[in-house]
There are 2 protein chains.
Amino acid sequence: MASDSAAPKPQERVAASVRREQILAAASRVFGERGYYGATTDLVAKAAGISQPYVVRMFGTKENLFVEVLDRALGKLLVAFHAALDEAASKQETHDEMKTRLGAAYADLIGDRGILLSLMQAFITGHEPVIGERARSGFLEIYQLLRDKADMDPDEVVEFLAHGMLFNTLIAMRLVDQLDADDPCVPELLEHTFRTKLDIVVNTVTKNDTTSAADARKTA
Amino acid sequence: MASDSAAPKPQERVAASVRREQILAAASRVFGERGYYGATTDLVAKAAGISQPYVVRMFGTKENLFVEVLDRALGKLLVAFHAALDEAASKQETHDEMKTRLGAAYADLIGDRGILLSLMQAFITGHEPVIGERARSGFLEIYQLLRDKADMDPDEVVEFLAHGMLFNTLIAMRLVDQLDADDPCVPELLEHTFRTKLDIVVNTVTKNDTTSAADARKTA
DNA sequence: CTCACTTGTAATCATTCGATTACATCAATG
DNA sequence: CATTGATGTAATCGAATGATTACAAGTGAG
């Protein structure tokens, strides 16, 4: 214990632009898991493997950091949808095929953990002036994309969004790592919600947790 | 300032059982609006018109209070669904009529503000051991009720739950008091989501806010 | 080499928050 | 009336948290 003189501190210096991305990735996970209030700048710092003051200095305030995470998440979602639409158009798919493709694109976002959960956390923080405003405008942006670029009528869009919100909620609720519970309802509900994407969801969400990055660093 | 001798303190004593209900009602609003972490025992106390230590002594911990709010909300939801099912059965309604009735019962819960939002806040706090466990079991309880007592097959239940989650999300996002915004998408999205219940949602959610009870007390 | 800039942290501060303690005040009961 | 329990708060405490300051150490240009 006291004779631990081996590695006093690796102290590897990294370009600020790289650190910024690392912090945003860590913040996405932490905010997605604990929400705006429940997440602390120190948790983000530990998840990113750096000190808490660095996080604050890089983004000024916790609110700024959250907004940046939110903007990134929205951007990735919109890019994924645009890509799916382009793909569907290039293959001259039917309307239903395109909708399936959009749903798959949404589900695949789970691979980049934190995106959907950060969005969800932002949505239910509507009472915060800055965050709420950004969340609302972002949601409307998604709505308009689906309606205009995907030629969906309002009812179809609502349907699509509704399933997306259930998707997010079940993941946030952590029902996905209760697949082996004694209640047979769990797999039934999950299978009928996630369909062909269930394996992706379970495999990406069950693995790791918020503190994995910090733990790995400490262990190493 | 110093000559203020008019009303030093009304100090009306109320039975603890009544206070308990007042606190739970206030907590339901505060937790529903700000979530588990964002809500403070002092905000709840102010909304209930009492002191912060009283809130803590009555429920022991903030977590206990939240769980009790969650249990109440779940109970009210289940009661509302059971009532709707009984009503549908007594009138020998069709399957679709019953589903419409269930949807209406859900929407009417908005009248008791905080219920749906507290539930939603609990759902996305799945990482908290105690709250998460209760949220998951409650969600499964709802699922089973709809599947077994309402004779819905899993796909129908998922469909129903999905729309419920979008419902909750739009309210939490505060899109409902943006009806008069310049973006014509807002009324379109809201109308296609809330249908005939839009007026109820707008009228109950737009009015008042968390601090209304405390403000009224102070003003009086 | 040296100077200036970048990257990074330890230490600390002021606030906030949940919780505890001690105390006050009202009401019922004998 | 006096006693006792219920109702309620002021004061305060310790821990957590976002933010600030001061400082250390690496890096590249001239």
Side-chain angles (χ1 to χ4, degrees), chain A residues 7-24 26-27 30-31 33-69 125 128-131 210-211 213-214 217-218, chain B residues 7-24 26-27 30-31 33-69 125 128-131 210-211 213-214 217-218:
Chain A
K9 211 100 201 195
Q11 184 88 328
E12 50 175 327
R13 285 166 73 95
V14 177
S17 60
V18 175
R19 280 291 187 223
R20 191 181 178 83
E21 296 304 318
Q22 293 175 344
I23 296 174
L24 284 169
V30 177
F31 280 129
E33 179 162 321
R34 321 209 3 137
Y36 176 61
Y37 297 113
T40 69
T41 54
D42 193 55
L43 273 176
V44 172
K46 283 184 167 57
I50 56 172
S51 68
Q52 180 261 350
Y54 199 174
V55 173
V56 173
R57 196 180 51 185
M58 180 89 75
F59 292 92
T61 66
K62 174 177 158 179
E63 187 181 63
N64 286 347
L65 175 58
F66 187 90
V67 170
E68 186 120 14
V69 166
T125 315
E128 274 278 318
V130 178
I131 295 171
T210 295
T211 56
R217 191 167 293 265
K218 284 179 181 175
Chain B
K9 208 106 204 193
Q11 183 87 331
E12 50 176 326
R13 284 165 76 94
V14 177
S17 60
V18 176
R19 280 289 188 228
R20 191 181 178 82
E21 297 304 316
Q22 293 175 344
I23 295 173
L24 283 168
V30 177
F31 279 129
E33 179 162 322
R34 317 198 19 124
Y36 175 61
Y37 297 112
T40 69
T41 55
D42 193 55
L43 274 176
V44 172
K46 282 186 169 55
I50 57 172
S51 68
Q52 180 260 348
Y54 200 174
V55 172
V56 174
R57 197 179 52 185
M58 180 87 75
F59 293 91
T61 66
K62 173 177 159 180
E63 187 182 63
N64 287 345
L65 175 57
F66 187 88
V67 170
E68 187 118 347
V69 166
T125 315
E128 275 278 316
V130 178
I131 295 171
T210 295
T211 56
R217 192 168 292 265
K218 282 179 180 175

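Reckoned from all heavy atoms, side chains included, excluding hydrogens, waters and symmetry mates. In the text below, chain A, chain B and the rest are named by the order of the sequence lines, each starting its count at 1. Fair warning: this is a prediction, and the values are worked out from it, not measured in the lab.
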Next item on the list: Using atom CD1 of B/Ile50 as one end and atom C1' of D/dA6 as the other, report the distance to the nearest whole Å.
Entry: 15 Å

Collect all protein-nucleotide pairs involving nucleotides 4-6 of chain C in which both atoms are nitrogen or oxygen and the distance is under 3.5 Å.
from, atom 1, to, atom 2, distance (Å)
C/dT6, O2, A/Arg13, NH2, 2.3

Next item on the list: Please examine the side chains of B/Leu24 and B/Phe59, heavy atoms only from C-beta on, and report whether any two atoms are closer than 4.5 Å.
Entry: yes

Next item on the list: Report yes if a side-chain nitrogen or oxygen of A/Arg19 is closer than 4.0 Å to either non-bridging phosphate oxygen (OP1 or OP2) of C/dT7; otherwise report no.
Entry: no

Next item on the list: Could you pull out all residues at least two apart from B/Glu21 that satisfy side chain to side chain donor-acceptor pair (under 3.5 Å)?
Entry: B/Arg72

Check: For the pair made of CD1 in B/Ile23 and C1' in D/dT9, what is the distance, rounded to whole Å?
Finding: 13 Å

Notebook entry, point to check: To the nearest 0.5 Å, how far apart are CZ in B/Arg20 and CD in B/Glu68?
Noted result: 4.5 Å

Margin query: Check the phosphate of C/dG8 against A/Tyr54, side-chain N and O only, distance under 4.0 Å to OP1 or OP2. Yes or no?
Written below: yes

Notebook entry, point to check: Which heavy atom of A/Leu43 sits nearest a heavy atom of A/Gly38, and at what distance?
Noted result: CD1-O, 4.4 Å

Check: What pairs with B/Arg57 under side chain to side chain donor-acceptor pair (under 3.5 Å), at least two apart in sequence or on another chain?
Finding: none

Side chains of residues 48-56 of chain A: which donor-acceptor pairs under 3.5 Å do they make with residues two or more places apart or in other chains?
from, atom 1, to, atom 2, distance (Å)
A/Gln52, NE2, A/Thr41, OG1, 3.2

Check: Rounded to whole angstroms, how far apart are CZ on A/Phe59 and C1' on D/dT17?
Finding: 18 Å

Check: For A/Phe31 and A/Ala39, which heavy atoms make the closest approach, and how far apart are they?
Finding: CD2-CB, 3.4 Å

Next item on the list: Mind checking the OH-NZ spacing from B/Tyr36 to B/Lys62? Nearest 0.5 Å is all I need.
Entry: 5.5 Å

Check: Between C/dT7 atom C1' and A/Gln22 atom CD, what is the distance in whole Å?
Finding: 12 Å

Next item on the list: Could you check which of D/dT7, D/dT9, D/dG8 has an atom nearest any side-chain atom of B/Val14?
Entry: D/dG8

Check: A/Glu128: what forms a salt bridge (charged side-chain N to carboxylate O under 4.0 Å, His left out) with it, not counting sequence neighbours?
Finding: none

Just the table, please: protein N/O against nucleotides 18-21 of chain C N/O, every pair under 3.5 Å.
from, atom 1, to, atom 2, distance (Å)
C/dG18, OP1, B/Ala39, O, 3.3
C/dG18, OP1, B/Lys62, NZ, 2.9
C/dG18, OP2, B/Thr41, N, 2.8
C/dG18, OP2, B/Thr41, OG1, 2.9
C/dA19, OP2, B/Lys62, N, 3.0
C/dA19, N7, B/Gln52, NE2, 2.9
C/dA19, N6, B/Gln52, OE1, 2.9

Item checked: Rounded distance in Å - CZ (A/Arg20) to C1' (C/dT7) -> 15 Å

